[in-house]
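Everything on this sheet refers to the single structure shown next.
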Amino acid sequence: MEFRILGQLEALDSGDPLNLGSPRQRALLARLLISPNKVVTTDLLLEDLWWGEPPDTARHTLHVYISRLRRALDAERTRLEHDGQGYRLSVEPDELDSARFERLAAEGRAALGRRDAASAATQLREALSIWRGPALADVADEPFARDEAIRLEQLRQSTLENRLWADLELGHHNDVVGELHDLVAQFPYRETLWEQLMLALYRDGRQTEALRAYQTLRSNLVAELGIEPGPALRRLEEQILAHDPALEQSPTETHAVAPSTLPLQRTSFVGRERELAQGATLLTRSRLLTLTGAPGAGKTRLALRLATDHEHEYANGAYFVPLAAITNPRQWDTAVAQAVGLRETPQESVLDGLKAYLRDRRVLLVLDNFEQLLQAAPQVGELLDSAPGLAIMVTSRSPLGLTGEQEFPIPPLPVPPSSALADVDA
């Protein structure tokens with residue numbers, strides 16, 4: 001059996017596609033595949049499939065969908081089982097395309113870190129070849145699918161960038177210039193792609209074009225977002241101007257791209273320079289930085305900008321964890337596990353699994369809208385205590401009250417000019 005979510009939802013048996021039924025029945029399978037081998041409660045399935053407003057007949061309809069999926073997926077009807085208060089879909093690791101993609105991407109990233117560019121390029125290309133289109137394409141508008149689709153897309157982006165680093169190390173700078181021109185047009189704010197384009201042009205003997213690429217990016221960032229290019233790009237411009245011999249060396253030691261699920265910010269970031277500088281200083285002093293303030297103060301926007309500016313300091317990734325829709329303090333760790341791509345197992349609790357996963361990793365988590373989950377604050381402290389390389393930024397109306405926490409009060413946003421767009425968060 002093969003399940004595919006990196007594109008249109010598909011299930012295949014010995015290569016033959018299965019009839020997955022109506023759109024809502026397909027959405028049910030997608031919801032179960034987002035949490036493979038994990039019990040998803042009936043109440044949560046009802047809420048997710050009917051957007052929080054299930055009709056009186058929804059429970060009966062759900063049972064009908066479950067029965068039909070059982071028949072479609074497994075003649076013995078053991079793959080999709082009722083367990084306690086919900087249903088679990090049993091999926092072997094290599095049966096789910098997203099799991100294969102993540103495994104190959106991690107192996108390729110590790111090979112890149114070992115300076116084995118040839119193996120990295122092969123594994124990363126194989127990982128990217130699994131994609132057939134946008135993740136969860138036919139259910140992307142479903143609220144339950146959005147976070148997972150965003151997470152997978154960000155992982156795809158970082159995997160593509162790692163593949164490009166591998167190609168550059170192998171001396172294929174001329175081969176990737178055209179591809180990079182297309183990519184920066186498609187993703188104009190992805191600074192790593194501009195860095196790779198500048199390096200490829202310089203190594204191809206096109207210094208003037210490399211410097212022109214930098215000026216193009218800088219002009220766009222200043223005009224549209226009110227920011228300067230990041231330190232890596234500024235340093236690269238200086239190296240190109242100086243014909244630094246280091247530019248001919250392998251890029252992989254410092255440029256292997258860690259996974260990130262930080263949403264791209266496309267609106268102007270002005271009027272917060274002072275808070276941005278303060279936040280950068282506080283982030284270096286404490287592994288738990290809590291941005292507090294009233295709704296609409298801009299906490300999320302500022303936290304994301306801080307995280308984006310510093311994500312290169314976290315070798316194992318930076319992850320955005322939206323918590324506004326979660327009201328049960330017992331479910332915050334499940335949201336974190338989903339954000340970092342941790343597959344839960346019945347042998348241990350979610351929190352214990354996170355502790356083991358993060359123990360030897362350097363990771364930045366952004367926990368957004370934590371105010372309704374303050375009862376779970378002690379567990380956040382446990383996670384920090386167990387993982388010395390972990391840093392957490394929290395946005396909340398109130399601090400968590402933990403030892404070592406650095407509170408950063410955020411005043412209301414200044415009134416923007418009439419031509420500016422207001423940035424508002426919850």
Side-chain angles (χ1 to χ4, degrees), residues 34-41 44 83-84 88 91 93 98-99 102-103 105-107 109-110 113 147-148 151-152 154-155 158 258-262 283-291 303 307 310-311 313-323 325-396 399-406:
I34 288 174
S35 305
N37 304 309
K38 174 186 173 185
V39 175
V40 184
T41 67
L44 183 56
D83 191 332
R88 176 184 15 240
V91 181
S98 61
E102 292 191 52
R103 174 177 57 80
E107 291 172 356
R109 188 168 62 249
D147 289 344
E148 179 69 356
R151 183 184 75 83
L152 289 168
Q154 293 288 349
L155 288 174
S158 63
S260 170
T261 62
L262 301 176
L283 189 59
T284 65
R285 295 178 180 174
S286 175
R287 293 197 296 124
L288 177 58
L289 177 62
T290 303
L291 285 66
H310 294 273
E311 63 179 320
E313 300 171 11
Y314 298 89
N316 301 112
Y319 301 92
F320 180 68
V321 187
L323 298 171
I326 297 177
T327 57
N328 186 346
R330 297 180 179 179
Q331 295 178 346
W332 79 277
D333 50 2
T334 298
V336 174
Q338 180 176 336
V340 303
L342 176 64
R343 301 301 181 186
E344 301 170 33
T345 62
Q347 291 79 20
E348 62 183 356
S349 69
V350 177
L351 183 59
D352 286 343
L354 283 170
K355 290 177 182 178
Y357 179 77
L358 296 172
R359 183 171 293 119
D360 298 319
R361 286 175 165 84
R362 182 160 175 77
V363 166
L364 174 64
L365 296 178
V366 180
L367 307 183
D368 188 43
N369 293 112
F370 200 84
E371 54 268 0
Q372 76 277 12
L373 305 173
L374 290 176
Q375 293 179 19
Q379 294 182 338
V380 175
E382 288 183 38
L383 191 59
L384 279 167
D385 291 342
S386 68
L390 173 65
I392 297 178
M393 267 199 293
V394 179
T395 71
S396 176
L400 277 62
L402 296 175
T403 302
E405 177 184 23
Q406 175 67 62

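The residues of the chain are indexed from 1 along the displayed sequence. Heavy-atom basis, side chains included; hydrogens, waters and symmetry copies ignored. Everything numeric here is computed off the predicted structure, so don't read it as measured data.
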Quick check: closest heavy atoms across [X] and [Y], and the distance to 0.1 Å?
| X | Y | value |
| --- | --- | --- |
| Ala377 | Leu402 | O-CD1, 3.3 Å |
| Ala335 | Ile326 | CB-CD1, 3.5 Å |
| Gln375 | Pro378 | O-CD, 3.4 Å |
| Leu384 | Arg287 | O-NH2, 3.1 Å |

Quick one: does [X]'s side chain get under 4.5 Å of [Y]'s, heavy atoms only?
| X | Y | result |
| --- | --- | --- |
| Val340 | Leu365 | yes |
| Leu374 | Ser396 | yes |
| Leu262 | Phe320 | yes |

Set of residues satisfying side chain to side chain donor-acceptor pair (under 3.5 Å) with respect to [X], sequence neighbours excluded:
| X | answer |
| --- | --- |
| Ser35 | Arg31 |
| Arg151 | Glu102, Glu148 |
| Gln372 | none |
| Asp385 | none |

If you round to the nearest 0.5 Å, how far is [atom2] of [Y] from [atom1] of [X]?
| X | Y | atom1 | atom2 | answer |
| --- | --- | --- | --- | --- |
| Thr395 | Leu289 | OG1 | CG | 11.0 Å |
| Leu291 | Phe370 | CG | CZ | 14.5 Å |
| Ile392 | Leu283 | CD1 | CG | 11.5 Å |

(Q) Could you work out, with side-chain contact (heavy atoms from CB on, under 4.5 Å) as the rule, every residue matching Ala387, not counting sequence neighbours? (A)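 Here the qualifying residues are Leu358, Leu390.
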**Q.** Set of residues satisfying side-chain contact (heavy atoms from CB on, under 4.5 Å) with respect to Val39, sequence neighbours excluded
**A.**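 So Val39 forms a side-chain contact (heavy atoms from CB on, under 4.5 Å) with Asp83, Arg88.
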Q.
If we ignore hydrogens and angles and just use 3.5 Å, is the side chain of Asn369 paired with the main-chain N or O of Leu323 as donor and acceptor?
A.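 Judged by distance alone, no pair lies under 3.5 Å.
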Q | Gln406 side chain vs Arg285 backbone, donor-acceptor pair below 3.5 Å | A |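 No, the answer is negative, given that no donor and acceptor are paired below the 3.5 Å cut-off.
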Q | Which residues share a salt bridge (Lys or Arg N to Asp or Glu O under 4.0 Å) with Arg103, sequence neighbours left out | A |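 For Arg103, the residues satisfying salt bridge (Lys or Arg N to Asp or Glu O under 4.0 Å) (neighbours in sequence not counted) are Asp94, Glu107.
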Q. What residues, two or more places apart in sequence or in another chain, satisfy salt bridge (Lys or Arg N to Asp or Glu O under 4.0 Å) together with Glu348?
A.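 Once residues adjacent in sequence are excluded, Glu348 has no partner under the salt bridge (Lys or Arg N to Asp or Glu O under 4.0 Å) criterion.
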Q. Met393 pairs by side-chain contact (heavy atoms from CB on, under 4.5 Å) with which of Thr290, Val366, Leu367?
A.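 Exactly one option meets the side-chain contact (heavy atoms from CB on, under 4.5 Å) with Met393, and it is Val366.
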Distance-only criterion, 3.5 Å: show the donor-acceptor pairs between side-chain atoms of residues 327-334 and protein atoms not counting sequence neighbours.
residue : atom : partner : partner atom : Å
Asn328  : OD1  : Arg330  : N            : 2.9
Trp332  : NE1  : Gln379  : OE1          : 2.6

